[in-house]
Amino acid sequence: FLRYDPAGDTWHALPDAPPGAKGKWDKGSFLVWDQDHTIYAHKAKYHEFYAYDITTNTWSSALRGMPTTGSTGNKKSKDGGCGTWANGEIVAFKGGSTQECWIYAPGGGWYEFDTLPKQGRSGKSKKVKAGADIIYYEDGRTLYALKGSGTFEFWKHELPVMSPDPTVPREGVMSEAASLTANAMTVGPNPARSGLIHVLYSLPVAGQAEVRVFDAGGREVGARTFAAGRTGTVDLNLSVGAGVYLVRMTVRDWTATRKLVVQR
């Protein structure tokens with residue numbers, strides 16, 4: 001582990017990255033800086049995860065690593081693994097010939113985000129592998145990514161944007177404009193295959209929170225009220241059929257909404 005000093009044009013050795021319980025750091029491992037004093041390090045293949053404190057020059061003990069089980073099955077993070085810091089969270093590709101994209105919220109955990117499409121403009125079906133990379137453009141909402149895998153594919157993802165809480169329209173929530181908080185909430189697993197979902201949130205304010213779930217017709221099919229901090233996770237049990245739903249979390253004058261797909 002090294003630090004480069006541009007003023008002196010020299011590299012400085014730092015404490016080695018943790019050896020962990022298994023092998024050495026392999027292809028697909030990556031670093032992400034939180035724009036403050038912490039560097040997060042993901043160890044591909046073994047899914048170990050650590051934090052390095054720039055101010056104290058020390059590594060943390062092992063943190064919760066990216067799950068191996070995702071929407072494409074039980075897959076390890078390998079070639080093409082990469083990450084970026086976006087709105088207080090890490091957004092990362094698992095790589096390893098998957099389409100999986102994951103979010104890590106410090107103090108919360110890992111949850112799967114929207115997958116990267118397999119098919120690009122060439123018409124070929126490719127998954128994320130060696131050569132992939134992802135960055136966040138600090139306009140509050142845009143991710144850019146290279147798919148790698150021997151392609152020229154370049155992708156953009158628009159995150160939702162911050163907005164005061166809209167009321168649920170009578171004609172149904174699916175007709176509502178997507179004017180939502182920027183990456184303030186993630187719902188996982190998504191697609192869901194059971195009644196239990198996890199709502200991971202990172203909010204601009206703390207306070208009494210309400211999570212409500214609506215079906216395509218605007219009918220409420222689940223709800224929970226709780227005291228929310230700035231970041232955290234809340235679980236919600238749903239008894240619903242297959243379909244598309246909206247999960248909305250409201251705290252004071254702010255709201256975050258995510259689409260949830262339920263498969264049976």
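Everything quoted here is computed from the prediction, not taken from an experiment.
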Are W25 and Y52 grouped together when hydrophobic residues (ILVMFWY) are joined by side-chain heavy atoms under 4.5 angstrom apart? yes

Has the side chain of K43 got a donor or acceptor atom that lies under 3.5 Å from a matching backbone atom of P19? yes

Heavy-atom closest pair, residues G222 and L238: CA-CD2, 4.2 Å

Would a 4.5 Å heavy-atom cut-off, applied to side chains only, mark K259 and L246 as touching? yes

Consider only side-chain heavy atoms of I, L, V, M, F, W and Y, link residues closer than 4.5 Å, and tell whether V213 and F226 are in one cluster. yes

Taking side chain as C-beta onward, heavy atoms only, is S61 less than 4.5 Å from Y50? no

From CA spacing to verdict: side-chain hydrogen bond (donor to acceptor under 3.5 Å, both in side chains), Q119, S125: CA-CA 4 Å; Q119 187 166 314; S125 184; 5.7 Å; no

Can you sort out the partners of T38 under side chain to side chain contact (heavy atoms under 4.5 Å, CB included), two or more places apart, ordered by chain and number? D34, Y40, A51

Separation of E220 CD from R212 CZ (nearest 0.5 Å): 4.5 Å

Nearest heavy-atom approach of D26 to A44 is O-CB, 4.3 Å

Output for pair (E210 CD, T225 OG1), nearest 0.5 Å, gives 4.5 Å

Tell me the salt bridge (Lys or Arg N to Asp or Glu O under 4.0 Å) pairs involving residues 142-157, sequence neighbours left out? K147-E153, K156-E158

Can you name the residues that form a side chain to side chain contact (heavy atoms under 4.5 Å, CB included) with D5, not counting sequence neighbours? R3, A7, T10, H12

Is H42 reaching over with its side chain to a backbone N or O of H47, donor-acceptor style, under 3.5 angstrom? no

Using the six-membered ring wherever Trp is involved, compare the ring planes of Y4 and W11 and label them parallel, tilted or perpendicular (cut-offs 30° and 60°). tilted

If we ignore angles and hydrogens, is there a donor and acceptor under 3.5 Å between the side chains of D53 and T58? no

What about V234 and V240, same hydrophobic cluster or not, with Ile/Leu/Val/Met/Phe/Trp/Tyr joined at side-chain heavy-atom distances under 4.5 Å? yes

Starting at NZ of K78, measure out to NZ of K27 and round the result to the nearest 0.5 Å. 8.5 Å

CA sep, side-chain torsions, deciding dist, call: C101, V91, side-chain contact (heavy atoms from CB on, under 4.5 Å): CA-CA 7 Å; C101 183; V91 181; 3.5 Å; yes

Non-hydrogen atoms of Y46 and K24 that approach each other most closely: CE1-O, 3.5 Å

Where L146 and F93 come nearest, the two heavy atoms and their spacing: O-CE1, 4.4 Å

Backbone N/O of Y136 and side chain of T84: donor-acceptor pair under 3.5 Å: yes

Linked, directly or transitively: W59 and F49 (ILVMFWY side chains, under 4.5 Å): no

Euclidean distance, K76 NZ relative to T69 OG1, rounded to 0.5 Å: 12.0 Å

Can you give me the closest heavy-atom contact between I54 and D36, atom names plus distance? CD1-O, 4.5 Å

If you apply the rule side-chain contact (heavy atoms from CB on, under 4.5 Å), what do you find for L31 with F1, and how did you get there? CA-CA 11 Å; L31 300 175; F1 191 53; 3.9 Å; yes

Please determine whether side-chain hydrogen bond (donor to acceptor under 3.5 Å, both in side chains) holds for the pair W33 and Q35, giving the CA-CA distance in whole Å, both sets of side-chain angles, and the decisive distance to 0.1 Å. CA-CA 5 Å; W33 173 51; Q35 300 183 14; over 6 Å; no

Of all residues at least two apart in sequence or in a different chain, which pass the salt bridge (Lys or Arg N to Asp or Glu O under 4.0 Å) check with K127? none

Which heavy-atom pair separates L260 from A192 by the least distance, and what is that distance? CD1-CB, 4.1 Å

Examine distances only and state if a side-chain atom of R224 and a backbone atom of D235 form a donor-acceptor pair shorter than 3.5 Å. yes

May I have the step-by-step check of side-chain contact (heavy atoms from CB on, under 4.5 Å) for V251 and Q208, ending in yes or no? CA-CA 6 Å; V251 182; Q208 193 72 2; over 6 Å; no

Once side chain to side chain contact (heavy atoms under 4.5 Å, CB included) is applied, do any residues pair with V32, and if so which ones, sequence neighbours excluded? F30, W85, I90

Test side-chain contact (heavy atoms from CB on, under 4.5 Å) applied to F154 and Y144, step by step: CA-CA 7 Å; F154 187 49; Y144 292 93; 3.8 Å; yes

Set of residues satisfying side chain to side chain contact (heavy atoms under 4.5 Å, CB included) with respect to F152, sequence neighbours excluded: none

Between CG on residue L200 and CE on residue M249, distance to nearest 0.5 Å: 10.0 Å

What is the ring orientation for W110 with Y104, classed by angle as parallel under 30°, tilted 30 to 60°, or perpendicular over 60°? tilted

Are the side chain of K94 and the backbone N or O of K75 linked by a donor-acceptor pair below 3.5 Å? yes

Atom OG in S149, atom CG in D79: separation rounded to 0.5 Å? 10.0 Å

Membership question, hydrophobic clusters at under 4.5 Å side-chain separation (ILVMFWY): are V221 and V187 in the same one? yes

Main-chain N/O of T98 paired with T72 side-chain donor or acceptor, under 3.5 Å: no

W155 side-chain N/O to L143 backbone N/O, donor-acceptor pair under 3.5 Å: no

